[in-house]
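What you see is a predicted model; the values in this text were computed from it and never measured. Note: hydrogens, waters and symmetry copies are ignored here, and every other heavy atom, side chains too, is used. Residue numbers start from 1 in every chain, and the chains themselves are labelled A, B, ... in the order their sequence lines are given, proteins ahead of strands.
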2 protein chains.
Amino acid sequence: MGQDGAGINLETSLGYLLKEASSVLRTAMEEVLRPLGMTVTHYSCLELLAQRPGLSNSELARGAFVTRQSMNVLLQALERDGYVTRPAQAPVGKVLPTRLTPKGRRNLEKATAAVRSVELRMLAGLTDSEQAEALRILKAMIHGLTRIDQC
Amino acid sequence: MGQDGAGINLETSLGYLLKEASSVLRTAMEEVLRPLGMTVTHYSCLELLAQRPGLSNSELARGAFVTRQSMNVLLQALERDGYVTRPAQAPVGKVLPTRLTPKGRRNLEKATAAVRSVELRMLAGLTDSEQAEALRILKAMIHGLTRIDQC
DNA sequence: CACGGTATGTCAGAATGCTGACATGGGTCA
DNA sequence: TGACCCATGTCAGCATTCTGACATACCGTG
């Protein structure tokens, strides 16, 4: 079937390419995570907790790029299944610090390996200096877009 | 509130940064598109049609990174509101080539300007050669991820 | 020509995420 | 100290997208 016609300048738009790369990455992650019974948000939440134990619901939501409400639903499921624990009462304020259980940590290990293989495949054609450059450029893009907005 | 703690190596993961950049970009686009009564998918569809008139529903879906079914719902709404037209009967096969109406084209112009301003803000801190480098690197990432999969 | 394989448009149901709203706790500044 | 503002956790309703399924149309091979 005719997919890519001649040169369309959509392919020269960094915004479009960014969306495409993100979409392809997400699909690839879903594929390797599905056999483990995990979604991408599910994995993101666990990975965040492994690297920063004690994060709150809202902080996890920001880290996984979803709303507090969505993360809350996920956390309740994870808690019910024994992957994470939250104190019944907040030690300070209303913030409930979340922590991985040993079961959650074990579950995460397999997922991390799977995701790492995806990331390696993504970076296979890039040299170390290109990867460093990509990191710098992406941060610059994010920086430019998060400047208080509205002109 | 404590947002960014000390160095966490999430910030060195290209995959995570890619997701963050894409999320920030999408949010910024939603902000400038909302006053025009447009969503990002809505805009993507119109922009695709402007650059490649006569695209089918399925091709538009792939270009906007949604399913055929979602794009179909959107196209029905766009057709109902007079932004696009589709022949009642397929000239060949089942494929219904879609085209922008003058109204749709006018509507798109304002959106394109708004989105362009967002993209400019995103690229403000980058030199031309850095932008070209980013383009090359993103394509390489996509290429590495779309290789037939399943190693 | 008949055939399986693939792609398309479309309908319906299910899942996921988001918006709106509320009560509560903490910090700041007068 | 009291008032205000902001952030948090959580509940409920809504919107959007996805998954599953079907009939149809093309295209290659035998």
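For A/Thr67, no side-chain nitrogen or oxygen approaches OP1 or OP2 of C/dG17 to under 4.0 Å. For B/Ser70 and D/dC18, the shortest distance from a side-chain N or O to OP1 or OP2 is below 4.0 Å.
Residues B/Glu30 and B/Thr39 bring no donor and acceptor atom of their side chains to less than 3.5 Å of each other. Side chains of A/Glu20 and A/Ser23: no donor on one and acceptor on the other come within 3.5 Å. In this structure, a donor-acceptor pair under 3.5 Å is present between the side chains of B/Ser70 and B/Thr67.
With C/dG26, D/dG9, C/dT8 as the candidates, the nucleotide lying closest to the side chain of A/Val95 is D/dG9. The listed nucleotides are C/dG26, D/dG9, D/dC26; the one nearest the side chain of A/Val92 is C/dG26. Ranking D/dG9, D/dT24, C/dT10 by closeness to the B/Arg68 side chain, first place goes to C/dT10. Distances were taken from every side-chain heavy atom of A/Asn72 (C-beta onward) to each of D/dG9, C/dT8, D/dT10; the shortest belongs to D/dT10.
One atom, CG of A/Asn57, and another, P of D/dC11, lie 11 Å apart when rounded to the nearest Å. Rounded to a whole Å, the CE atom of A/Met71 is 14 Å from the C1' atom of C/dC18. Taking atom CG on A/Leu60 and atom P on D/dT10, their separation rounds to 12 Å, with Å as the unit. In this structure, CD of A/Glu30 is placed 10 Å from P of D/dC18, rounded to the nearest angstrom. Rounded to a whole Å, the NZ atom of A/Lys94 is 8 Å from the P atom of D/dG9.
Every pair passing salt bridge (charged side-chain N to carboxylate O under 4.0 Å, His left out) that includes a residue from residues 72-82 of chain A is listed here, sequence neighbours excluded: A/Glu79-A/Arg86.
Looking at heavy-atom distances under 4.0 Å, A/Thr39 makes no contact with the nucleic acid at all. Backbone-only engagement by A/Thr41 is indicated by non-hydrogen atom pairs under 4.0 Å involving sugar-phosphate atoms exclusively.
Under the 4.5 Å side-chain heavy-atom criterion for Ile, Leu, Val, Met, Phe, Trp and Tyr, B/Leu96 and B/Leu75 are members of distinct hydrophobic clusters. Hydrophobic cluster membership is shared by B/Val40 and B/Leu74, with clusters built from Ile, Leu, Val, Met, Phe, Trp and Tyr side chains linked at under 4.5 angstrom.
Residue-to-nucleotide proximity on DNA chain D shows that, of A/Leu96 and B/Arg26, the 5′-proximal contact is made by A/Leu96.
Residue A/Gln69 places a side-chain atom within donor-acceptor reach of the base of C/dG20, judged by atom type and a 3.5 Å distance cut-off alone.
Judged by a 6.0 Å distance limit and a 45° cone about the ring axis, A/Lys19 is not positioned over the six-membered ring of B/Phe65.
At a non-hydrogen distance threshold of 4.0 Å, nothing from residues 74-86 of chain A comes into contact with DNA chain C.
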